[in-house]
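All values below come from the heavy atoms of this structure, side chains included, with hydrogens, waters and symmetry mates left out. Counting starts at 1 for both ligands and their atoms, following the listed order.
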Amino acid sequence: MSRTVIAPPSLTAPGVPLSPGIAFENLVFVSGQLPVDSETGSFPEGVAAQTKASLANLKTVLEAAGASMGGVVKTTVFLKDMNDFAAMNAIYAEAFPSEPPARSAIEVARLPKDALVEIEAVAIRTR
Ligand SMILES: CC(=[NH2+])C(=O)[O-]
């Protein structure tokens, strides 16, 4: 039984000691995805755009591992400010339109690079 590092080249390299994802058997563990826009390499403005970017990066890691958003069983959403909860949920609901995964959403004092949001996930893969 061995684990596989998932590091899609299209994802901006995290530059810190983590693997974007680790696949183990039929599970994929996705590191907290910061809202780095893969085209600009920087964070977009505002929590809605940042949530969208974090989810896009999550999807990139999942797909590189042979999984999909539909295979996500659990997420954790880290917010810099719980006042952003509704704005985050509006975007998050678009990514998981039905039978969304189990989730925890928590406010934290600070996120890496002063992001407004970071999202991690565990998923089941089909290949
Ligand atoms: C960037 C990140 N998620 C970490 O843990 O450093």
Any chance you could measure Glu118, atom CD, to Ile106, atom CD1, to the nearest 0.5 Å? 9.5 Å
Given that the side chain starts at C-beta and the backbone is N, CA, C, O, which of these parts of Glu120 lies under 4.0 Å from ligand 1, counting heavy atoms, or is it both or neither? neither
Using the rule that two of Ile, Leu, Val, Met, Phe, Trp, Tyr join whenever any of their side-chain heavy atoms come within less than 4.5 Å, decide whether Val122 and Ile6 are in one cluster. no
Among all protein heavy atoms, pick out the one at the shortest distance from atom 1 (C) of ligand 1; state its residue, atom name and that distance to 0.1 Å. Leu34 CD1, 3.5 Å
What's the shortest distance from atom 3 (N) of ligand 1 to any protein heavy atom, and which residue and atom give it? Glu118 OE2, 2.9 Å
Can you list everything that forms a side-chain contact (heavy atoms from CB on, under 4.5 Å) with Asn26? Sequence neighbours excluded, please. Ile124
Using heavy-atom distances only, which candidate in Val30, Val36, Leu18 approaches atom 6 (O) of ligand 1 most closely? Leu18
Could you list the residues that satisfy side-chain contact (heavy atoms from CB on, under 4.5 Å) with Leu11, not counting sequence neighbours? Pro8, Pro20, Gln33, Asn57, Thr60, Val61
Distance to the ring centre below 6.0 angstrom and angle to the axis at most 45 degrees; does that hold for Arg103 and Tyr92? yes
Close N or O approach (Gly32, ligand 1; < 3.5 Å): yes
